> 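Below is one structure. I have some questions about it.
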Amino acid sequence: MCGISGILNLKTPQTIEITQLKEMISVLDHRGPDEVGAYRDNWAGLVHSRLSIIGIEGGVQPIHNEDKSLWIIFNGEIFNYPELKENLVKHGHQFYTATDTEVIIHLYEEKGIDFLKELNGQFSFAIWDSRKKEMILARDRVGIRPLHYTVSNNQLFFASEIKSIFTQKGINRSINQSTLDQIFSYWTPLPGETIFEGIKEIPPGSYLKISAGKISLNKYWSYPYYSEDEQLDSSLSNITEDIKSLLYDSIKLRLRADVPVGAYLSGGLDSSIITSVVNESFDNHLNTFGIRFEDRDFDEGAYQKEMVDKLKTNHYEIVAKNDEIGFNFPDVLWHIEKPVLRTAPVPLYLLSGLVHENGLKVVLTGEGADEIFGGYNIFREAKAREFWSRNSNSEIRPLLLGKLYPYILNDPKLRPMLKSFFGVGIDNPDFPYFSHQIRWQNTRKLTNFLSKDYVNGTEQNFYDRFNYFLPENFNDRDSLSKSQYLEITSFLSNYLLSSQGDRVAMAHSVEIRFPYLDHRLIDFMAKIPSKYKIFGMNEKFLLKKAYRDVVPKNIVNRSKHPYRAPIKQSLLDERNSNNFEKYCSTEAIKNAGIFDEIKTEKLFKKLSKFENSNEWDNMALTGIFSTQVIYNKFIETSHFKNNSNLEFDLLIDRRN
Amino acid sequence: MDSSVDIKEFVVENFLFGDGDKLEDNTDFFEKSIIDSTGILELVCFVEETYNLTISDEEIVQQNFSSVNNVSSFIEKKQLETSAQ
């Protein structure tokens, strides 16, 4: 795991200064504190900071092929590298390191760009073909590892994190209004977008090819879909056996490392399964890490304890206190580089700190299971609403929603709300965004807080923008498949794997690995009929069935507990009043010019005055606070702290 | 096709968490507290998506959904109605 950055001249050679490469990489030292290496010639500069996990000795990058015409800087892991390497050696390739990085360069040499399909991993990398003057920038299938780029003054700048690009002179730093509008609709930027004007991200499953000054973006993998005719017609017990064997192999590959691997343990089903499998088959001295909350509504400690008692792991935990969450929020935003509507990334940031303190660099985690196996409430909600839509006048059908939200059904005052709140769009279940429209329409209330200048940047029909990302056969899909696709496209890579994933883990030099996101498992699950994924209203049914005898009953049968963190109690905690003043005072709001200062003040007052606060006000608070922090840290600041004096462990200078 | 196998599997997996030893085809779901009032809607939802049927509010009553046998004969009746149309 590492950080990568670089510069490529698009039209004519311009000198790429060593200090530029040092500036760019020095702000990524949290991603790779172990070694730093660089390469430059007349056209390209590559720089790399390394967190050593595989092939620890002699793995400093950039790494080259036999004749030194191809150079690579790489962030991530290729889990199937031993198998790929064996084949390459048979074909005569010679290796000078024990790293997975070197496998990529030879595989590219052997197979061309199609080699991407053979990789099982989580990665972003740059390959520079110094002979052809061609560069490839690529990202893994689901978008676990980040990679950004921009073009300025006939040069392409790229980096794992945007802050690295911002160290360079002449790069525009301003808020992209359209992206802010996206976050205030879909919770995240759409694939390829960032909150900064002109800065792009390579979307998941894609690569950028830059040749003769031309930049082309290409997709090599999409989330798979199989029609009813192509789906597996297999018994439930055969399906669960296949799931177990695929997940077993995925975990086995993800334990490959030359350092010990730990696991996150939340007390939920997904991480409990992974921990149980590792403990039973691979490592019975496993280190596990869990988050506890001061606020009982959020705490899952009892379930974590049950797992730890059963497996006897070396368990470490942190207690995320409300004031601590608020206190760390600005630092976390420096790492995640985009506004967010939740504070949930902060406890994960604290957790990776705990992992680091205990000397571990790699952990397995359960993210991705909800997307792939059908675990989210939004999926079940869509299923219940679709059931209702088959007879929209029915008095009985809406009551199925009570399975998800029993508190509404049991409260006579709230019960009429069931129909008005969840009945939005009930007459049109074929609408492509049927599953997400309630969430998105409600989130859009946040745009009311934007200043006049920014409101002009919002779009009335915000669904149109998403149309671009819908595959051709989208309307033929069943409702769960549609909903899964929307969730994966909007939320998985840009929030879950980024703001709650890579960024908050790498902030403390910790690499996280996701067994549920092995592409073979994703593909297999895409072939399973939707009715088995959510069986009745039973979410992740196949996963529960497969591991019923492995994981304690209490955990398999517990109702879904979404991972959340307190918002108002954290951000408005008196002990954090300095932070709040710094970023959200009337003056700060006015200076940034993004939000309407009168409306925001009213929101802040309302939240401070009343003990209870609703979800939308909490989201608005987080959205406004985080946007203000992003503005302050990335735009208002006059220069970026960096260290142009750092020493390279390796420097290849091939200028003529 | 006899639907009772699918129905039984659904009830065992969903309401009895895989432990189906005591469930007979004529066991009353409500008397034995196997399914509650929201559960019946889950069962209706499953029947609709599995057999491609639409069930009216009037048909969502205990007697149609109270045992594996009852659900199975209800499905059979609905399928006959649909094919006769």
Side-chain angles (χ1 to χ4, degrees), chain A residues 228 235-237 239-240 380 382-406 408-410 418 478-480 529-559, chain B residues 1-23 29-30 33-68 71-72 74-75 78-79 81-82 85:
Chain A
E228 218 171 294
S235 71
L236 281 178
S237 53
I239 293 173
T240 50
R380 295 205 296 156
K383 184 165 185 175
R385 285 172 61 240
E386 198 204 24
F387 173 70
W388 174 9
S389 78
R390 285 180 221 146
N391 175 4
S392 56
N393 296 321
S394 168
E395 290 297 322
I396 301 174
R397 285 176 182 255
L399 303 181
L400 184 57
L401 284 156
K403 192 86 194 170
L404 279 117
Y405 309 110
I408 300 181
L409 205 61
N410 297 335
L418 198 69
D478 65 78
S479 66
L480 178 62
S530 287
K531 67 172 182 189
Y532 292 137
K533 291 179 191 159
I534 302 182
F535 204 42
M537 291 297 277
N538 190 359
E539 79 282 359
K540 286 189 288 202
F541 164 69
L542 293 169
L543 206 50
K544 290 178 185 169
K545 185 172 167 62
Y547 293 96
R548 193 175 276 152
D549 299 331
V550 178
V551 175
K553 254 189 183 168
N554 271 343
I555 287 171
V556 174
N557 296 339
R558 69 182 284 212
S559 55
Chain B
M1 195 189 79
D2 183 11
S3 55
S4 60
V5 177
D6 289 342
I7 301 295
K8 193 168 182 177
E9 182 172 54
F10 180 77
V11 173
V12 169
E13 292 294 346
N14 245 326
F15 300 106
L16 298 168
F17 306 109
D19 181 13
D21 293 353
K22 288 181 186 153
L23 184 75
F29 301 147
F30 303 101
S33 302
I34 294 169
I35 296 183
D36 64 7
S37 57
T38 337
I40 191 172
L41 290 175
E42 253 187 293
L43 186 54
V44 172
C45 180
F46 171 75
V47 169
E48 285 192 339
E49 72 184 358
T50 308
Y51 301 99
N52 204 17
L53 299 171
T54 308
I55 298 166
S56 70
D57 276 13
E58 292 69 35
E59 290 167 322
I60 305 175
V61 288
Q62 202 162 325
Q63 73 212 47
N64 288 337
F65 290 92
S66 60
S67 67
V68 172
V71 180
S72 194
F74 172 70
I75 292 166
K78 284 291 285 183
Q79 282 173 329
E81 273 173 29
T82 319
Q85 278 168 4

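Please read all numbers here as calculations on a predicted model, not as lab measurements. Just so it is clear: chains get the letters A, B, ... in the order the sequence lines come, proteins before strands, and each one is counted from 1.
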> Taking A/N391 for the side chain and B/S56 for the main chain, is one N or O donor matched with an acceptor at less than 3.5 Å?
no
> What distance separates A/F535 CZ from B/E9 CD, expressed to the nearest 0.5 Å?
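It is 5.5 Å, given to the nearest 0.5 Å.
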> Name the option with the most non-hydrogen atom pairs under 4.5 Å to chain B; the candidates are A/A384, A/S530, A/G402, A/S394.
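Of the candidates given, the most pairs with chain B belong to A/S394.
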> What's the separation between atom CG in B/L53 and atom CZ in A/R390, rounded to the nearest 0.5 Å?
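If we round to the nearest 0.5 Å, B/L53:CG and A/R390:CZ are 10.0 Å apart.
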> With chain B, which of A/D478, A/N538, A/L401, A/N393 has the greatest number of heavy-atom pairs at distances under 4.5 Å?
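Of the candidates given, the most pairs with chain B belong to A/N538.
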> Please determine whether a side-chain nitrogen of the Lys or Arg among A/R397 and B/E48 lies less than 4.0 Å from a carboxylate oxygen of the Asp or Glu.
yes
> Is A/R548 paired with B/E13 through a side-chain N to carboxylate O contact shorter than 4.0 Å?
yes
> Are side-chain heavy atoms of A/F387 and B/L41 found at a separation under 4.5 Å?
yes
> Where does B/I55 contact chain A at under 4.5 Å (heavy atoms): side chain, backbone, both or neither?
both
> Given a strict heavy-atom distance threshold of 4.5 Å, which part of A/K531 is in contact with chain B: side chain, backbone, both, or neither?
both
> Could you measure the distance from the CD1 atom of A/I396 to the CD1 atom of B/I40? Nearest 0.5 Å is fine.
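A/I396 CD1 to B/I40 CD1: 8.5 Å, rounded to 0.5 Å.
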> Hey, could you give me the SG/NZ distance between B/C45 and A/K383, rounded to the nearest 0.5 Å?
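It comes to 5.0 Å.
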> Would you mind telling me which of B/L43, B/T54, B/V44 has the largest number of heavy-atom pairs within less than 4.5 Å of chain A?
B/V44
> Is the side chain of B/E42 donor-acceptor paired with the backbone N or O of A/G536 at a distance under 3.5 Å, no angle test?
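Absent.
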> Is A/E395 in contact with chain B via its backbone, its side chain, both, or neither, using a 4.5 Å heavy-atom distance?
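For A/E395, heavy atoms of backbone and side chain both lie under 4.5 Å from chain B.
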> With a 4.5 angstrom heavy-atom cut-off, could you sort out which part of A/L236 is near chain B: side chain, backbone, both or neither?
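Contact with chain B is through the side chain of A/L236 alone.
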